[in-house]
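Everything on this sheet refers to the single structure shown next.
When reading the values below, keep in mind they use all heavy atoms of this one structure, side chains included, and skip hydrogens, waters and symmetry mates. Position 1 is the first residue of the sequence, and the numbers go up from there. What you see is a predicted model; the values in this text were computed from it and never measured.
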Amino acid sequence: MTTIKDLAQYAGVSVTTVSRALNGYYDVNEETRKKIIHAAKELNYRPNVLARSLVTKKSRSIGVIFSEINRAGAKDALAFEILCGINDRASELNYEIMLFSTNPKKQISKSYGDLCKERNVDGAIISGLRVQDPYLQEVTNDTNFPCVLIDIPAEGSNLGHVTTDNVAGAAKAVLHLIEQGHRHIAMINGHNDAAVSQDRLAGYRITLEAHGIPFRPELVLNGDFSEEGGSDAMYRIMLHHPEITAVFSASDLMVLGALRAVERSGRKVPEMFSIVGYDDIAIASYCSPKLTTIHQDRYEMGYQAAQLLIDLLEDRHVNHKIILQNELMIRESTAPLTIVSKI
């Protein structure tokens with residue numbers, strides 16, 4: 001079996017250089033890295049994971065913890081895109097991933113620390129937590145175990161935070177509606193325990209007020225990030241607020257429900273309501289009408305979360321907070337107010 005010494009000799013470099021190149025360190029020249037990777041393929045080199053873990057006291061595996069994964073949310077595929085990004089970067093840096101699923105009830109029966117210790121992972125990436133979840137409190141208080149949170153603010157020497165600019169994204173969505181001439185704009189939000197809901201609400205409110213439109217709390221209805229919740233919220237908007245001509249939704253999944261509610265009422269989008277979503281899920285560009293929405297790159301969020309966690313594990317000096325930009329995708333679910341008619 002090819003050893004790291006064999007590989008170093010074949011590539012004409014030191015064992016240290018081989019080790020640092022294969023483990024993703026930045027101080028290795030890119031040409032040297034490529035030469036070492038090519039040599040590893042030529043010699044069919046496979047690192048001895050067990051021997052390495054005994055020496056380093058590290059397993060080179062990271063836990064990926066998703067909260068409240070369920071079949072109902074499969075349509076948005078957001079968790080899958082994040083997972084693909086995590087897996088790809090972890091694999092490139094020779095780390096394995098272990099996927100865990102949790103919910104608030106499970107978090108009470110088994111602590112975050114116990115879960116990670118039992119599975120012998122070096123650190124964790126967590127997505128989908130609510131701001132009141134037990135695991136979030138544990139992560140914040142645990143200064144020894146590296147962790148990266150997706151879409152949840154975090155501070156600490158061993159903590160990282162990856163998200164998109166949710167305030168700016170919501171602002172782009174609402175500004176688009178205002179530029180289309182709409183002044184009566186409702187919002188379908190997620191739920192109060194989601195950090196992204198708070199940020200997207202802030203972006204909605206700031207943009208309205210910046211353009212002289214009063215913020216009305218009664219026009220913000222929660223849809224719990226579900227298709228059914230979006231449908232229910234849209235029914236209530238049509239029933240109690242007939243002046244509304246446009247809606248900003250904090251997720252595309254809720255827009256799908258809202259579209260169904262509008263259709264069942266005998267009305268149409270965008271002829272009678274303009275709607276902007278958030279996420280740019282795969283179905284957004286295929287449904288009818290195609291959704292105007294805020295695109296956020298969930299794959300890149302996962303990729304950057306894996307990179308950040310591995311940087312923390314390997315004691316690199318890094319920016320602990322990564323904020324990715326997003327983009328307004330204008331399609332068919334919005335139209336100028338001048339063509340909107342009401343029944």
### Message
Could you see if Met272 belongs to whatever hydrophobic cluster contains Val269? Use Ile, Leu, Val, Met, Phe, Trp, Tyr and a side-chain cutoff under 4.5 Å.
### Response
yes
### Query
Quick one: does Lys172's side chain have a donor or acceptor within less than 3.5 Å of a partner on Asn326's backbone?
yes
### Query
Heavy-atom distance under 4.5 Å between the side chains of Ile206 and Val174, does that happen here?
no
### Message
Quick check for you: to the nearest 0.5 Å, what is the distance between Arg236 atom CZ and Leu221 atom CG?
### Response
4.5 Å
### Query
Could you walk me through whether Leu93 and Gln307 pass the side chain to side chain contact (heavy atoms under 4.5 Å, CB included) check?
CA-CA 9 Å; Leu93 298 179; Gln307 179 67 67; 3.9 Å; yes
### Query
What closest approach, in Å, do Tyr112 and Ala124 show between heavy atoms, and which atom pair accounts for it?
OH-CB, 3.8 Å
### Query
Same hydrophobic cluster for Val167 and Tyr278, using side-chain heavy-atom links shorter than 4.5 Å among ILVMFWY?
no
### Task
Give a yes or no on whether the backbone of Lys105 and the side-chain of Asn103 come within a donor-acceptor separation of less than 3.5 Å.
yes
### Task
Report the distance from atom OG of Ser157 to atom CG of Leu159, rounding to the nearest 0.5 Å.
7.5 Å
### Ion pair Arg89/Glu92, N-O distance below 4.0 Å
yes
### Task
Work out which heavy atom in Arg260 is nearest to a heavy atom in Glu227; give both atom names and the distance.
NH1-OE2, 2.9 Å
### Query
In this structure, are over 12 heavy atoms from other groups packed under 6.0 Å from Gln9 atom CD?
no
### Within-4.5 Å side-chain heavy-atom neighbours: Leu256 and Cys287
yes
### Query
What heavy-atom pair brings Thr102 and Gln107 nearest, and what distance separates the two atoms?
OG1-CG, 3.2 Å
### Message
Do Glu96 and Val121 make a side-chain contact, defined as non-hydrogen atoms from C-beta onward lying under 4.5 Å apart?
### Response
no
### Query
Okay, side chain of Asp224, backbone of Ser226: is any donor-acceptor separation there less than 3.5 Å?
no
### Message
Ring-plane angle category for His191 and Phe225, please: parallel below 30°, perpendicular beyond 60°, tilted otherwise.
### Response
perpendicular
### Message
In the structure I gave you, are the side-chain heavy atoms of Phe215 and Leu201 within less than 4.5 Å of one another anywhere?
### Response
yes
#### Entry: Closest approach of Ala195 to Pro153 (non-hydrogen atoms, all atoms of both residues)
CB-CD, 3.7 Å
### Arg60/Glu314 ion pair, N-O < 4.0 Å
yes
### Query
Would a distance-only check, ignoring hydrogens and angles, find a side-chain to backbone donor-acceptor pair under 3.5 Å from Thr163 to Ile323?
no
### Message
A quick test of your reading: do over 12 heavy atoms of other residues, nucleotides or ligands sit less than 6.0 Å from CG of Asp193?
### Response
yes
### CG-CG distance between Leu313 and Leu308, expressed to the nearest 0.5 angstrom
9.5 Å
### Query
Take atom NZ in Lys290; do more than 12 heavy atoms of anything else shown fall under 6.0 Å from it?
no
### Query
With distance as the sole test, does Thr164 use its side chain to make a donor-acceptor pair with the main-chain N or O of Gln325 at under 3.5 Å?
no
#### Entry: Worked check of side chain to side chain contact (heavy atoms under 4.5 Å, CB included) between Ser274 and Gln180
CA-CA 9 Å; Ser274 282; Gln180 296 291 297; 5.7 Å; no
### Query
Which residue, Ile294, Asp279, Ile283, forms the side-chain contact (heavy atoms from CB on, under 4.5 Å) with Asp252?
Asp279
### Task
Would you check if Leu115 and Ile65 make a side-chain contact, meaning some heavy-atom pair closer than 4.5 Å?
yes
### Task
Keeping the roles fixed (side chain from Ser333, backbone from Thr292), state whether a donor-acceptor pair exists under 3.5 Å.
yes
### Query
Taking C-beta and beyond as the side chain, do Thr334 and Ile275 meet within less than 4.5 Å on heavy atoms?
no
#### Entry: Over 12 non-hydrogen atoms of neighbours within 6.0 angstrom of CZ in Phe80
no
#### Entry: Whether Arg200 side chain and Ala170 backbone form a donor-acceptor pair below 3.5 Å
no
### Verdict with reasoning, Tyr303 to Asp297, per side-chain hydrogen bond (donor to acceptor under 3.5 Å, both in side chains)
CA-CA 10 Å; Tyr303 193 93; Asp297 193 337; over 6 Å; no
### Message
Closer than 3.5 angstrom, by distance alone: can the side chain of Thr140 be matched with the main-chain N or O of Leu136 as a donor-acceptor pair?
### Response
yes
### Query
Which pair of non-hydrogen atoms, one from Tyr45 and one from Thr3, has the smallest distance, and what is that distance?
CE1-C, 3.7 Å
### Query
Cluster question for you: counting only ILVMFWY and a side-chain heavy-atom cut-off of under 4.5 Å, with indirect links fine, are Ile281 and Met329 together?
no
## Note on the structure
Contacts satisfying salt bridge (charged side-chain N to carboxylate O under 4.0 Å, His left out) that involve residues 145-170 (not counting sequence neighbours) are Asp151-Arg298
### Query
Are Met301 and Leu99 connected in the hydrophobic side-chain network, where two residues link if heavy atoms are under 4.5 Å apart?
yes
## Note on the structure
SG of Cys147 to NE2 of His161, rounded to nearest 0.5 Å, is 11.5 Å
### Task
Supply the atom-to-atom distance Asp280 CG to Leu78 CG, rounded to the nearest 0.5 angstrom.
10.0 Å
### Task
For Leu177 and Val247, run side chain to side chain contact (heavy atoms under 4.5 Å, CB included): C-alpha distance rounded to whole Å, both residues' side-chain angles, the deciding distance at 0.1 Å, then the answer.
CA-CA 8 Å; Leu177 293 171; Val247 176; over 6 Å; no
### Query
If you take all heavy atoms of Phe273 and Ile244, which pair is closest and at what distance?
CE2-O, 3.3 Å
### Test log, rule side chain to side chain contact (heavy atoms under 4.5 Å, CB included), inputs Gln137 and Val139
CA-CA 6 Å; Gln137 311 306 317; Val139 167; over 6 Å; no
### Main-chain N/O of Ile185 paired to His241 side chain as donor or acceptor, under 3.5 Å
no
### Message
Can you confirm whether Glu209 is buried at CD, in the sense that more than 12 heavy atoms of other residues, nucleotides or ligands lie under 6.0 Å from that atom?
### Response
yes
#### Entry: Atom pair CD1/CD1 of Ile97 and Ile86 - distance to nearest 0.5 Å
6.5 Å
### Message
Glu218: which residues meet the side-chain hydrogen bond (donor to acceptor under 3.5 Å, both in side chains) condition with it, sequence neighbours left out?
### Response
Arg216
### Task
Flag the pair Gln296 / Leu324 as yes when at least one side-chain heavy-atom distance between them is below 4.5 Å, and no otherwise.
no
### Query
Is there a side-chain contact between Leu83 and Glu81, using heavy atoms and a 4.5 Å cut-off?
no
### Query
Applying the 4.5 Å side-chain criterion to the ILVMFWY set and letting contacts propagate, would Phe66 and Val131 be lumped into a single cluster?
no
### Query
Do the side chain of Asn166 and the main chain of Val196 share a donor and acceptor less than 3.5 angstrom apart?
no
